[in-house]
Amino acid sequence: MIDFSSITYLKTGNSKQVRVYEILTQNKILEMLSEFDPILTGTIPISIDIENSDLDIICYWTNKTDFVSKISTAFSTKPEFKIRNSLINNNESVIANFKIDSFEIEIFGQNTPTKNQNAYKHMLIEHQILQSKDENFRLKIIALKQNGYKTEPAFGKLLGLKNDPYAELLNYKI
């Protein structure tokens, strides 16, 4: 199993993953976020990204005001920077977006340890599903995403999940 808590696996990945590794390291993105236990999640780590997939970095904060301040100080000069508060699954969340090179980066922070956040759990489960299926399954996920599906609903459709794919995937048994 890949250790997704470190981005070193990207160095030997596909061309997009190698480019993401370079962008994150050259711009010291994860270094600047290190006190918030950042983890790159989403589609790029598990090779189901599409052309406009963003870089999703989840973070764990214990002091929201401090997190917002540090994110703003570190990234507010980046193109298209914006930051907002949101309530997701009854959890206070901070979401910041900006661009570096051609990549949109989304930093998502909650007062929940990163390995306990749904984005991380979903990615691990999706990775395990992809490992248990053939290449055709992966390509079907990508095709659904290219046709407007979000990742979890795409998995839900192909796996025949009947209800909320975000919730059902968390309990999916491979």
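In this structure, the separation between CD1 on Ile141 and CG on Leu158 is 4.5 Å, given to the nearest 0.5 Å. If you take CD1 on Ile105 and CZ on Phe81, they are separated by 12.0 Å, rounding to the nearest 0.5 Å. For the atom pair CD (Glu106) and CG (Asn97), the distance works out to 4.5 Å, reported to the nearest 0.5 Å. Considering CG of Leu55 and CZ of Phe98, their distance stands at 9.0 Å, rounded to 0.5 Å. For the atom pair CD1 (Ile107) and CD1 (Ile71), the distance works out to 4.0 Å, reported to the nearest 0.5 Å. Remark: Tyr149 OH to Leu144 CG distance equals 6.0 Å, nearest 0.5 Å.
When all heavy atoms of Cys59 and Leu33 are compared, the pair lying nearest together is SG-CD1, 4.1 Å. In terms of heavy atoms, Thr112 sits closest to Gln117 at O-NE2, 2.9 Å.
Using a 4.5 Å heavy-atom cutoff, the side chains of Phe137 and Ile129 are in contact. For the pair Tyr9/Leu40, a side-chain contact is recorded, criterion being any heavy-atom separation below 4.5 Å from C-beta on. By the 4.5 Å heavy-atom criterion applied to side chains, Ile58 and Phe108 are counted as neighbours. Side-chain contact between Lys133 and Arg138: absent, with no pair of heavy atoms (C-beta onward) separated by less than 4.5 Å. Ile95 is not listed as a side-chain neighbour of Ile83, based on a closest heavy-atom distance of 4.5 Å or more. You'll find the side chain of Asp54 stays beyond 4.5 Å of the side chain of Phe103, heavy atoms only.
Tyr60 and Leu30 fall into different hydrophobic clusters, where Ile, Leu, Val, Met, Phe, Trp and Tyr side chains are chained together by heavy-atom contacts under 4.5 Å. Cluster annotation: Ile7 and Val18 are assigned to distinct hydrophobic clusters (Ile/Leu/Val/Met/Phe/Trp/Tyr, side-chain heavy-atom contacts under 4.5 Å, transitive).
At most 12 non-hydrogen atoms from other residues, nucleotides or ligands lie less than 6.0 angstrom from NZ of Lys140. The neighbour count for Lys121 NZ, taken as heavy atoms of other residues, nucleotides or ligands under 6.0 Å away, is above 12.
For the 3.5 Å distance criterion, the side chains of Gln110 and Ser93 qualify, holding a donor opposite an acceptor. For the 3.5 Å distance criterion, the side chains of Lys145 and Thr43 fail to qualify, holding no donor opposite an acceptor. Under the 3.5 Å distance criterion, with hydrogens and angles disregarded, no donor-acceptor pair is assigned to the side chains of Asp56 and Thr41. For the residue pair Ser47 and Gln17, a side-chain donor N or O sits within less than 3.5 Å of a side-chain acceptor on the partner.
Taking Ser5 as the reference, Asp3 meet the side chain to side chain donor-acceptor pair (under 3.5 Å) condition, with sequence neighbours excluded. In this structure, the side chain to side chain donor-acceptor pair (under 3.5 Å) partners of Glu35, at least two apart in sequence or on a different chain, are Lys70.
Judged by distance alone, the side chain of Trp61 and the main-chain N or O of Gly109 form a donor-acceptor pair under 3.5 Å. Under the 3.5 Å distance criterion, the side-chain polar atoms of Ser69 are left unmatched by any main-chain donor or acceptor of Thr65. With Ser53 contributing its side chain and Asp49 its backbone, the two residues share no donor-acceptor pair below 3.5 Å. Checked by atom type and distance alone, the side chain of Ser76 never pairs as donor or acceptor with a backbone atom of Thr73 at under 3.5 Å. With hydrogens and angles disregarded, no donor-acceptor distance shorter than 3.5 Å links the side chain of Gln26 to the backbone of Ile23. One N or O on the side chain of Lys16 and one on the backbone of Ile50 form a donor-acceptor pair closer than 3.5 Å. Here the side chain of Glu92 pairs no donor or acceptor atom with the backbone of Asn111 at under 3.5 angstrom.
Taking the six-membered ring where tryptophan is involved, the planes of Phe4 and His127 are perpendicular, since the angle between them exceeds 60° and thus also 30°.
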Distance-only criterion, 3.5 Å: show the donor-acceptor pairs between side-chain atoms of residues 159-174 and protein atoms not counting sequence neighbours.
residue, atom, partner, partner atom, Å
Asp164, OD1, Tyr166, N, 3.0
Glu168, OE2, Lys162, N, 3.4
Glu168, OE2, Asn163, N, 2.4

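A salt bridge links Arg19 with Asp101: the closest approach of a Lys/Arg side-chain nitrogen to an acidic carboxylate oxygen falls below 4.0 angstrom. Salt-bridge check for Glu104 with Lys99: failed, with every basic side-chain N at 4.0 Å or more from each acidic carboxylate O.
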Problem set entry | Residues Phe155, Ile125; criterion side-chain contact (heavy atoms from CB on, under 4.5 Å); working and verdict | CA-CA 10 Å; Phe155 274 88; Ile125 292 163; over 6 Å; no
For this session: Please assess Thr151 against Met123 for the test side-chain contact (heavy atoms from CB on, under 4.5 Å), listing each intermediate value before the final yes or no.
Result: CA-CA 10 Å; Thr151 303; Met123 183 180 69; over 6 Å; no
For this session: Report the C-alpha distance between Leu130 and Ile48 in whole Å, list the side-chain angles of each, state the deciding distance to 0.1 Å, and finish with yes or no for side-chain contact (heavy atoms from CB on, under 4.5 Å).
Result: CA-CA 9 Å; Leu130 290 166; Ile48 55 168; 3.7 Å; yes
